[in-house]
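Take a look at the structure below.
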Amino acid sequence: MEGAIGVATHLPSCSKPQIIYSPPARILTVKCHSISLSNISSTGLPERPWKVADARLVLEDGSIWRAKSFGASGTQVGEVVFNTSLTGYQEILTDPSYAGQFVLMTNPHIGNTGVNFDDEESRQCFLAGLVIRSLSISTSNWRCTQTLGDYLAERNIMGIYDVDTRAITRRLRQDGSLIGVLSTDESKTDEELIKTSRTWNIVGMDLISGVSCEAPYEWVDRTNSGWDFNFSGRNEETFLVVAYDFGIKQNILRRLVSYGCKITVVPSTWPASETLKMKPDGVLFSNGPGDPSAVPYAVETVKKIIGKVPVFGICMGHQLLGQALGGKTFKMKFGHHGGNHPVRNLRNGRVEISAQNHNYAVDPNSLPEGAEVTHVNLNDGSCAGLAFSQLKLMSLQYHPEASPGPHDSDPVFGEFMQLMKQEQQKA
């Protein structure tokens, strides 16, 4: 009987009747809701409960990539580069070397740890925008103080997500770094944005002047003891180091202080004569954004200092040293951006996994006699380090201070200490 809980049935193999129980019938209830007029969009259709594509990334090759926006809104132009780091997106956001660039993260999931003040590498975000595949809908980290979207919005930095970052990365690897326009402005046509991307050029642009400090200052913070990892090679002596700010990362300064340095940071335009009057034990030429050929004033400053005191160049500082020695620099196809680049130290054969961020490199064949290539990038064979013993200089094309890592190259700070110590002993 329909709807019965159980049915009594006589089975031929049994002498007694058995009762077989069937499960209660399931009851489905369908509820209908009326649509509020307030949820009707201008198109006459109900608004979707999820975010829809409201931004475009237009590249100079004519390709158009629809995406969803987060952070700030508007229209921005920049050079698109890809970064292969798995962690450290906040350090990337605050790295001044990314000025004028859209950073595309190849790691698909970004934003899950949020942001915090301690991971800042500079006073602000200098990059033009952030391009990611998937934006985390929640944050889960004990140090988190803010979501990535709120962080970018407060700093007027544009971001997009739900875009095919793998396809864009393949395009950049094949064609090289491309100029792009990021826009949430629907009033601008695709043709207008493509024209903008094809008329803007980052080559030859002085980006250093926009990221450098305006006046000298003292830096005293060292690496927090909870995060320090390398106590070998530390010096009891205190070395006075003048650090040229071409877009310096704060962790470089922390590592120098941890190794026993007293730091004075000076602007990129600080005269060499004023630096030498300070009688430093050494001079650091920092990392920075853009084309080294666009800042001839910095090259002249380096020329006037090398040979007089020990010097150490990192990234942009490495390129400026190369030019100051009479060498040439060139723009790479798509540069090195990420925390997993293998480098061979030619002096001891050791391979280091390094963090890198540069679009230009030194041509080793253009360097004068006496200049030694000390490190080579194992991905493409490019020059990753220089030394010139007679002029008391050393340099790396990558970041030995890398935060959050890797830390394979951190001992190079100890080598700089030894270079300054040897010079003191000669005096």
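Heavy-atom basis, side chains included; hydrogens, waters and symmetry copies ignored.
The CG atom of Leu127 lies 6.5 Å from the CG atom of Leu130; values are rounded to the nearest 0.5 Å. Distance CD1/Ile110 to CD/Gln90: 12.5 Å, rounded to 0.5 Å. One distance of note links CG of Leu419 with CG of Leu393; it measures 8.5 Å at 0.5 Å rounding. Here the straight-line distance linking atom CE of Met316 with atom OG of Ser286 works out to 9.0 Å at 0.5 Å rounding. Here the CD-CD distance, from Gln390 to Glu369, works out to 9.0 Å after rounding to the nearest 0.5 Å. Summarising the geometry, atom CD belonging to Glu401 is positioned 6.5 Å from atom CD belonging to Glu121; distances are rounded to the nearest 0.5 Å.
Annotation: side chain of Pro289 is in contact with side chain of Val211 (closest heavy-atom distance under 4.5 Å). Under the 4.5 Å side-chain criterion, counting only non-hydrogen atoms from C-beta, Ile314 is in contact with Pro400. By the 4.5 Å heavy-atom criterion applied to side chains, Val241 and Val283 are not counted as neighbours. Residues Asp221 and Leu253 are not in side-chain contact: their nearest non-hydrogen atoms beyond the backbone lie 4.5 Å or more apart. In this structure, the side chains of Asp95 and Asn287 come closer than 4.5 Å at one or more pairs of heavy atoms. When side chains are defined from C-beta on, Val265 counts as touching Ile263, because their heavy atoms get closer than 4.5 Å. Side chains of Glu214 and Pro267 form no contact here, defined as non-hydrogen atoms less than 4.5 Å apart. Between Val81 and Leu104 the shortest side-chain heavy-atom distance does not fall below 4.5 Å.
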*Give the intermediate values and the outcome of salt bridge (Lys or Arg N to Asp or Glu O under 4.0 Å) for residues Glu274 and Lys277.*
CA-CA 5 Å; Glu274 293 300 314; Lys277 286 180 182 177; 3.3 Å; yes
*Take Gln356 and His337 through the side chain to side chain contact (heavy atoms under 4.5 Å, CB included) test and state the conclusion after the steps.*
CA-CA 5 Å; Gln356 303 203 10; His337 310 278; over 6 Å; no
*List the steps and the verdict of side chain to side chain contact (heavy atoms under 4.5 Å, CB included) for Val115 and Leu148.*
CA-CA 6 Å; Val115 294; Leu148 178 59; 4.3 Å; yes
*Would you please test Asp185 and Ser183 for side-chain hydrogen bond (donor to acceptor under 3.5 Å, both in side chains) and show each step?*
CA-CA 5 Å; Asp185 187 352; Ser183 181; 5.4 Å; no
*side chain to side chain contact (heavy atoms under 4.5 Å, CB included) between Cys383 and Gln397: does it pass, once the steps are laid out?*
CA-CA 8 Å; Cys383 174; Gln397 180 59 87; over 6 Å; no
*Steps toward side chain to side chain contact (heavy atoms under 4.5 Å, CB included) verdict (Lys421, Phe239)*: CA-CA 8 Å; Lys421 187 174 182 178; Phe239 299 101; 4.0 Å; yes
*Could you give me the CA-CA distance, side-chain angles and deciding distance for Asn116 and Thr145, then say whether side-chain hydrogen bond (donor to acceptor under 3.5 Å, both in side chains) is met?*
CA-CA 5 Å; Asn116 67 87; Thr145 59; over 6 Å; no
*Run the numbers on Arg56 and Asp190 for salt bridge (Lys or Arg N to Asp or Glu O under 4.0 Å), then give the verdict.*
CA-CA 9 Å; Arg56 288 167 289 171; Asp190 294 340; 2.6 Å; yes
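Remark: Arg155 qualifies as a cation-pi partner of Tyr151 under the 6.0 Å distance and 45° angle criteria applied to the six-membered ring.
For Asp363 and Lys328, the salt-bridge test fails: no basic side-chain N is under 4.0 Å from an acidic carboxylate O. Electrostatic pairing of Glu186 and Lys188 does not count as a salt bridge here, judged by no charged N lying under 4.0 Å from a carboxylate O. With respect to the salt-bridge test (charged N to carboxylate O, under 4.0 angstrom), the residues Glu192 and Arg198 do not qualify. Checked for salt-bridge contact, Arg255 and Asp410 meet the test: a charged N lies under 4.0 Å from a carboxylate O. Electrostatic pairing of Asp119 and Arg143 counts as a salt bridge here, judged by a charged N lying under 4.0 Å from a carboxylate O. With salt bridges taken as basic N to acidic carboxylate O contacts below 4.0 Å, none links Glu218 and Lys262. Salt bridge status for Glu300 with Lys303: present, with a side-chain N to carboxylate O gap under 4.0 Å. In summary, Asp291 and Lys331 do not engage in a salt bridge, as defined by a charged side-chain N under 4.0 Å from a carboxylate O.
Of the possible donor and acceptor atoms, one in the side chain of Ser85 sits under 3.5 Å from a partner among the backbone N and O of Gly339. Side-chain atoms of Ser258 come within 3.5 Å of backbone N or O of Arg254 as a donor-acceptor pair. Side chain of Lys68 to backbone of Lys51: a donor-acceptor contact under 3.5 angstrom is found. The closest donor-acceptor contact from the side chain of Thr184 to the backbone of Gly74 lies under 3.5 Å. Judged purely by atom type and a 3.5 angstrom limit, Asn83 has no side-chain atom pairing as donor or acceptor with the backbone of Met105. At distances below 3.5 Å, not a single donor-acceptor pair connects side-chain atoms of Thr238 with backbone N or O atoms of Cys261. Without hydrogens or angle criteria, Ser354 side chain to Val343 main chain gives no donor-acceptor distance under 3.5 Å.
Neither side chain, Thr94 nor Gln124, offers a donor N or O lying under 3.5 Å from an acceptor on the other. A side-chain donor from one of Ser63 and Asp61 sits under 3.5 Å from a side-chain acceptor of the other. Thr113 and Tyr89 are linked by a side-chain donor-acceptor pair at a separation below 3.5 angstrom, with hydrogens and angles left out of the test. Side-chain contact annotation: Glu372 with Thr374, donor-acceptor N/O pair under 3.5 Å absent. With hydrogens and angles left out, the side-chain atoms of His399 and Asn251 include no donor and acceptor closer than 3.5 Å. Looking at Ser268 and Trp270, their side chains never bring a donor and an acceptor atom within 3.5 Å of each other. Under 3.5 Å, the side chains of Ser69 and Tyr161 contain no donor-acceptor pair of N or O atoms. Between the side chains of Gln319 and Thr329, no donor-acceptor pair is found at a separation under 3.5 Å. Using modelled atom types and a 3.5 Å distance limit, the side chains of His358 and His336 yield a donor-acceptor pair. Neither side chain, Gln250 nor Ser122, offers a donor N or O lying under 3.5 Å from an acceptor on the other.
Atom NZ of Lys195 sits in a sparse spot, with 12 or fewer heavy atoms from other residues, nucleotides or ligands closer than 6.0 Å. Atom NZ of Lys304 has 12 or fewer heavy atoms from other residues, nucleotides or ligands within 6.0 Å. Heavy atoms of other residues, nucleotides or ligands lying less than 6.0 angstrom from CZ of Arg173 number 12 at most.
Taking each heavy atom of Leu320 and Phe246 in turn, the nearest pair found is CD1-CE1, 3.5 Å. When all heavy atoms of Gln76 and Ala128 are compared, the pair lying nearest together is CG-O, 3.6 Å.
Partner Tyr398 forms a side-chain contact (heavy atoms from CB on, under 4.5 Å) with one of His341, His318, His375 and no other, that one being His375.
Taking the six-membered ring wherever Trp is involved, the centroid distance between the rings of Tyr98 and Phe126 does not fall below 6.0 Å.
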